[in-house]
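Single-structure report; data block below.
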Protein chains: 2
Amino acid sequence: MPKTAAPLYEQIRQLIVAALAAGEWRPGDALPSEAALAQRFGASPGTVRRALDELAAEHLVERRQGSGTFVSTHSAPRQQFRFLRLVADDDAGGFTRELLGCRRLRAIAAVARALDIRTSEPVIEVRRMLHRRGRPVVLEEMWLPERHFEGLSADVITAHAGTLYALFEARFGVHMVRAEEKLRAVAATAEAAALLQVAPGEPLLSVERLAFTYGDRPVELRRGLYYTSSDHYRNELN
Amino acid sequence: MPKTAAPLYEQIRQLIVAALAAGEWRPGDALPSEAALAQRFGASPGTVRRALDELAAEHLVERRQGSGTFVSTHSAPRQQFRFLRLVADDDAGGFTRELLGCRRLRAIAAVARALDIRTSEPVIEVRRMLHRRGRPVVLEEMWLPERHFEGLSADVITAHAGTLYALFEARFGVHMVRAEEKLRAVAATAEAAALLQVAPGEPLLSVERLAFTYGDRPVELRRGLYYTSSDHYRNELN
DNA sequence: CAGTGGTCTAGACCACCAT
DNA sequence: TGGTGGTCTAGACCACTGC
């Protein structure tokens, strides 16, 4: 227990997050105006504004002067690369996606622990590759708790044009808010080498990601292998 | 040119950064109070507060309720790991430093370009290793423009107990504000393998960093090779 | 033009810190 | 106890958007 109650703007921030988690406003929707929210929460406009500014800093909402405050969506072009830090050294070209597989299975202990579910609870495993200029660059697999992604299948993925996170959001109402990644250098296994068209033992960048939705609930575990001969993982330290 | 002038709080923010760059207040020093700064810049306290809040978000200053606003310093324990993202898988132990070399040379084109200096301008090259539990984990070399690090030598580094950035700040007045990193997986060269006590060809995480001081001026280029068998590079995506 | 967020001000009161 | 930053309020005015 904190000694004193959280400040009002923080309480309001949490109430708005709860409303987002409950789906009161969907990604892309406009939130009520500052004045309307101030009314609703019984606070002054300045206090509501502070809460909204914090949410904007976390990329949960997006503010547009003259038009309103909107729930962030992975469909927006600006969000396209928020979770993909691999860029070409010469900064050229985007990726094309190739689905390798999508199947239902039971979570092994490590996956269950990360996703905070019970071991052997059903999860959906997706495997895919990303290509740049026709060359495979990324091989990744991910595990998603089935209870949040009921009906996810190869067909559903193939039928969708945008990013996976845009699909998850549009189809399952699961919006990714933030992620934690662990990076290491590993040697390509025979299988990975064949898929990525490199020699076995070739150094690859391993990226293990745990992604969270509203309320810091983990909903995706992902492991990527990046071939970094002419691409690199870009990071900013602040 | 922006259509309209920058907002007042942004102008004040820039004036404070300029004062920090000029050394008007040194790392660890207290800034004048909000009221005093408001007086000085002819703005209301709320506007100055906004400027200070932005600076705090960038880690340029640190606010302590009841005592004041202070210039951030790399000597502070909390800043110790801001620029070192490598952590042990089991989260245990810190690093010990071993200096391999420190010499003066002339910048090659690639280094000069990154540091925004002229080719063949003098730079200081530092090479070192980091060990955890007696095992070498990081091999890195860095290049610093001599004009900002006059008198840096092996003796100066060895005599210093804390991090390099704390030394740079205390001795040369160069405070690192932010950095950009490019990560890739590479194979250990014979030389790197020998120093890191791994087999040649072993996958290593290559981390190339460009660090900036006040006013976004690049002052350090660094290249690290991380042995990531029981350590990983931790990252947060927001 | 009406409605939205963005800036700037002014002031009250509180929590915390040093002394 | 005096000074600091932290919270909260109230309101004026501006800039931008969309109709």
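In what follows, every heavy atom counts, from backbone to side chain, and hydrogens, waters and symmetry copies are set aside. Order of the sequence lines fixes the chain letters, A, B, ..., with proteins taken first and strands second; residue numbering starts at 1 for each chain.
With dC8(C), dG5(D), dG6(C) as the choices, the nucleotide that has an atom nearest any side-chain atom of R49(A) turns out to be dG6(C). With dC16(D), dT7(C), dT9(D) as the candidates, the nucleotide lying closest to the side chain of A43(A) is dT9(D). Closest contact between the side chain of S44(B) and the listed nucleotides dT7(C), dC8(C), dG5(D) involves dC8(C). Among dT7(D), dC8(C), dG6(C), the nucleotide with an atom closest to any side-chain atom of P7(B) is dC8(C).
Residues K182(A) and D89(B) are not paired through a salt bridge, judged by the lack of any N-O separation under 4.0 Å between the basic side chain and the carboxylate. Salt-bridge annotation for E54(A) and R49(A): absent, with no side-chain N of the basic residue lying under 4.0 Å from a carboxylate O of the acidic one. The pair R171(A)-E150(A) does not count as a salt bridge, with every side-chain nitrogen at least 4.0 angstrom from each carboxylate oxygen. Using a 4.0 Å cut-off between a side-chain N of Lys or Arg and a carboxylate O of Asp or Glu, R223(A) and E141(A) do not qualify as a salt bridge. Ion pairing of R178(A) with E180(A) is present here, as a side-chain N (NZ or NE/NH1/NH2) and a carboxylate O approach within less than 4.0 Å.
Note on A35(A): nothing from the nucleic acid sits closer than 4.0 angstrom, heavy atoms only.
Rounded to whole Å, atom C1' of dC16(C) lies 13 Å from atom CZ of F70(B). At whole-Å resolution of the value, CG in L55(B) and C1' in dG5(D) are 15 Å apart. Spacing between atom CZ of R50(A) and atom P of dA10(D) amounts to 17 Å, rounded to whole angstrom units. Between the CD atom of Q65(A) and the C1' atom of dG3(C) there is a distance of 12 Å, given to the nearest Å. The nearest whole Å value for the distance from the CD atom in Q39(A) to the P atom in dA10(D) is 12 Å. Atom CZ in R63(B) sits roughly 15 Å away from atom C1' in dA15(C) (whole-Å rounding). We find that CZ of R64(B) is positioned 12 Å from P of dG5(D), with the value rounded to whole Å. The distance from atom CD of E34(A) to atom P of dG6(C) is 7 Å, rounded to the nearest whole Å.
For the pair E10(A) and L52(B), both in contact range of DNA chain D, the more 5′-proximal nearest nucleotide belongs to L52(B).
The phosphate of dC8(C) has neither OP1 nor OP2 within less than 4.0 Å of any side-chain N or O from Y9(B). For the pair T47(B) and dT9(C), the criterion of a side-chain N or O lying under 4.0 Å from OP1 or OP2 is met. Considering only side-chain N and O atoms, S67(B) lies nowhere under 4.0 angstrom from the phosphate OP1 or OP2 of dC16(C).
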